[in-house]
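Just so we're on the same page: letters track the sequence lines, and every chain starts at 1.
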2 protein chains.
Amino acid sequence: MQNVSEAQVQEKIKILKEHHIPLTTTRLVLLRFISSHRGHYSAEDIYQLLKEEYPSLSIATVYNNMSLFASLGIVQELRIERDKVIYDTYTKAHDHFLCLKCGKIYDIEIKNRKLPEQIDGHSVHYAHTYYFGICKECKEA
Amino acid sequence: MQNVSEAQVQEKIKILKEHHIPLTTTRLVLLRFISSHRGHYSAEDIYQLLKEEYPSLSIATVYNNMSLFASLGIVQELRIERDKVIYDTYTKAHDHFLCLKCGKIYDIEIKNRKLPEQIDGHSVHYAHTYYFGICKECKEA
DNA sequence: ATTAGTGCAAACTATTTGCAATAAG
DNA sequence: CTTATTGCAAATAGTTTGCACTAAT
């Protein structure tokens with residue numbers, strides 16, 4: 001695996017430690033993967049990309065850990081595709097655009113928008129905005 | 001079924017006609033249901049609520065038609081729950097809040113926000129914003 | 001030592017599909 | 001009469017779970 005930012009991996013390990021969550025070999029492999037691959041991946045994607053190098057890896061373990069990482073803020077769960085969860089390895093708050101033609105997901109930086117603490121009396125912890133339409137690339141083609 | 005707004009049903013029938021889509025008995029039952037029940041329903045919810053009155057109704061037909069209605073703008077598909085699609089029978093553009101404790105979904109009116117036509121060169125057709133947190137009711141309890 | 005994680009297979013759930021019978025235009 | 005829809009059952013796909021074994025603290 002190339003381009004592993006060791007500092008980013010350490011940061012994520014620290015989060016596990018803080019929560020007294022054991023750092024297993026498999027978890028380290030997954031942390032290295034997400035630290036070196038910015039993008040949008042399903043559990044199956046990650047499993048396919050890693051199973052050649054780690055043939056005994058189980059997809060159940062990928063699911064378990066990605067779900068754990070999401071709860072710790074190490075990855076972001078996107079519910080933008082109709083049939084599966086997508087994990088976003090880029091965790092800074094940002095929005096998403098899904099192309100209705102090619103299905104590609106684009107990161108959208110958030111400008112001038114502040115998350116309200118309350119809406120209609122409900123306490124807001126976080127928010128996700130999904131834009132849908134036709135992407136630049138598909139329009140040009 | 002009570003509180004069916006006949007005008008609302010007619011409006012939806014008109015949309016089907018405009019698209020040359022046959023108005024079947026089952027479709028009419030579903031259109032009447034969504035016209036008289038403002039809220040957030042899964043396909044299973046709708047199936048359960050209607051099957052007593054229409055025992056031969058099939059859940060596959062509910063799925064087919066809700067999906068059709070969504071593509072026509074007659075209902076709105078929400079991907080706010082982790083494992084299933086929710087149909088919102090309220091179609092005016094609005095956002096949603098999901099309580100992380102009780103799971104209830106609240107409609108949130110959109111104020112002072114205009115949908116951009118373009119973002120990063122991509123053409124935006126529509127957008128969905130989901131807020132997550134603890135609802136008023138759960139905080140008070 | 002103790003507690004938690006892994007990998008496998010089986011289970012589960014939401015959704016889709018194939019198809020013969022039927023209804024709509 | 002022609003085309004599309006219905007209802008049923010079976011299939012599919014994503015995700016979760018039970019469990020024996022193993023690894024981490």
Side-chain angles (χ1 to χ4, degrees), chain A residues 12-33 40-72 74-75 77-87 103 105, chain B residues 12-33 40-72 74-75 77-87 103 105:
Chain A
K12 285 158 187 152
I13 290 174
K14 202 176 143 220
I15 295 172
L16 295 187
K17 297 268 183 241
E18 283 166 4
H19 290 263
H20 308 290
I21 293 165
L23 177 62
T24 62
T25 304
T26 309
R27 269 186 196 138
L28 186 55
V29 165
L30 290 169
L31 288 181
R32 286 194 177 138
F33 176 87
H40 312 103
Y41 301 92
S42 67
E44 180 69 24
D45 291 338
I46 296 169
Y47 174 68
Q48 290 300 332
L49 289 166
L50 287 173
K51 82 168 185 190
E52 195 161 338
E53 211 169 337
Y54 306 96
S56 73
L57 177 67
S58 162
I59 193 157
T61 302
V62 175
Y63 273 108
N64 284 338
N65 281 296
M66 295 311 287
S67 174
L68 170 72
F69 295 164
S71 73
L72 297 170
I74 291 175
V75 297
E77 275 187 14
L78 304 185
R79 257 163 261 289
I80 193 171
E81 301 214 351
R82 65 175 303 102
D83 54 354
K84 58 176 168 296
V85 170
I86 298 292
Y87 294 98
I105 298 170
Chain B
K12 286 158 187 151
I13 289 174
K14 201 176 143 220
I15 296 172
L16 294 186
K17 298 268 184 238
E18 282 165 6
H19 291 261
H20 307 291
I21 292 165
L23 176 64
T24 63
T25 303
T26 309
R27 271 188 193 136
L28 186 56
V29 165
L30 291 169
L31 289 181
R32 285 192 176 138
F33 176 87
H40 312 103
Y41 301 92
S42 68
E44 180 69 25
D45 291 338
I46 296 169
Y47 174 68
Q48 289 300 333
L49 288 167
L50 287 173
K51 83 168 183 189
E52 197 161 338
E53 212 170 338
Y54 305 96
S56 73
L57 177 66
S58 163
I59 193 156
T61 303
V62 176
Y63 274 108
N64 283 338
N65 282 296
M66 294 312 285
S67 173
L68 170 72
F69 294 164
S71 73
L72 297 170
I74 290 175
V75 297
E77 274 187 14
L78 304 185
R79 258 162 260 289
I80 194 171
E81 302 212 352
R82 65 174 304 102
D83 54 352
K84 56 175 171 293
V85 170
I86 298 292
Y87 294 98
I105 298 170

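- Partner Y41(B) forms a ring-ring contact (aromatic ring centres under 6.0 Å, His included) with one of F33(B), Y87(B), Y47(B) and no other, that one being F33(B).
- At the phosphate of dT15(C), neither OP1 nor OP2 sits under 4.0 Å from any side-chain N or O atom of R82(A).
- Residue contacts for I59(B): at a heavy-atom cut-off of 4.0 Å it reaches no nucleic acid atom on any strand shown.
- Nearer to the 5' terminus of DNA chain D, by closest-nucleotide assignment, is the contact made by R27(B) (compared with the other of R27(B) and S42(A)).
- Between L68(A) and N64(B), the residue whose closest nucleotide on DNA chain C is further toward the 5' end is L68(A).
- Between T24(B) and dT6(D) there is a side-chain polar atom (N or O) within less than 4.0 angstrom of OP1 or OP2.
- Going from atom OH of Y54(B) over to atom C1' of dA23(C) covers 17 Å, rounded to whole Å.
- The residue from T61(B), I74(B), V75(B) that alone fulfils the side chain to side chain contact (heavy atoms under 4.5 Å, CB included) condition with M66(B) is V75(B).
- For Y63(A), no side-chain nitrogen or oxygen approaches OP1 or OP2 of dT16(D) to under 4.0 Å.
- Counting only heavy atoms from C-beta on, P22(A) has its side chain closest to dA24(D) among dA14(C), dA24(D), dT15(D).
- Separating the NE2 atom of H19(B) from the P atom of dG25(C) is a distance of 16 Å, rounded to the nearest angstrom.
- As rounded to whole Å, 11 Å separates atom P of dT15(D) from atom CD1 of I46(A).
- Contact check on E44(B) versus K84(B) returns no salt bridge, with no Lys/Arg side-chain nitrogen under 4.0 Å from an Asp/Glu carboxylate oxygen.
- Residue contacts shown for T25(B) are limited to sugar-phosphate atoms, with no base heavy atom under 4.0 Å away.
- The side chain of A60(B) approaches dC8(D) more closely than any other nucleotide in the set dG5(C), dT17(D), dC8(D).
- Annotation for E18(B): atom CD counts as buried by contact number, over 12 foreign heavy atoms lying within 6.0 Å.
- For S56(B) and dC8(D), the shortest distance from a side-chain N or O to OP1 or OP2 is not below 4.0 Å.
- For the pair D83(B) and L23(B), nearest-nucleotide mapping onto DNA chain C gives the more 5' position to D83(B).
- Backbone-only contact: K17(A) has heavy atoms under 4.0 Å from sugar-phosphate atoms and none from a base.
- Here the side chain of T26(B) is nearest to one of dT15(D), dG5(C), dT6(D), namely dT6(D).
- Atom CG in L16(B) sits roughly 13 Å away from atom C1' in dA24(C) (whole-Å rounding).
- The heavy-atom pair separating R27(B) from L23(B) by the smallest distance is CB-CD1, 4.3 Å.
- Between M66(A) atom CE and dG14(D) atom C1' there is a gap of 15 Å when expressed in whole angstrom units.
- A side-chain donor-acceptor contact under 3.5 Å links S42(B) and D45(B).
- In this structure, E81(A) atom CD and dT15(C) atom P are separated by 15 Å, rounded to whole Å.
- In this structure, CD1 of I86(B) is placed 10 Å from P of dA14(C), rounded to the nearest angstrom.
- Mapping A43(A) and P55(B) onto DNA chain D by nearest heavy atom places P55(B) at the nucleotide closer to the 5' end.
- Here dT15(D) presents its C1' atom at 11 Å from CD of E44(A), a figure rounded to the nearest Å.
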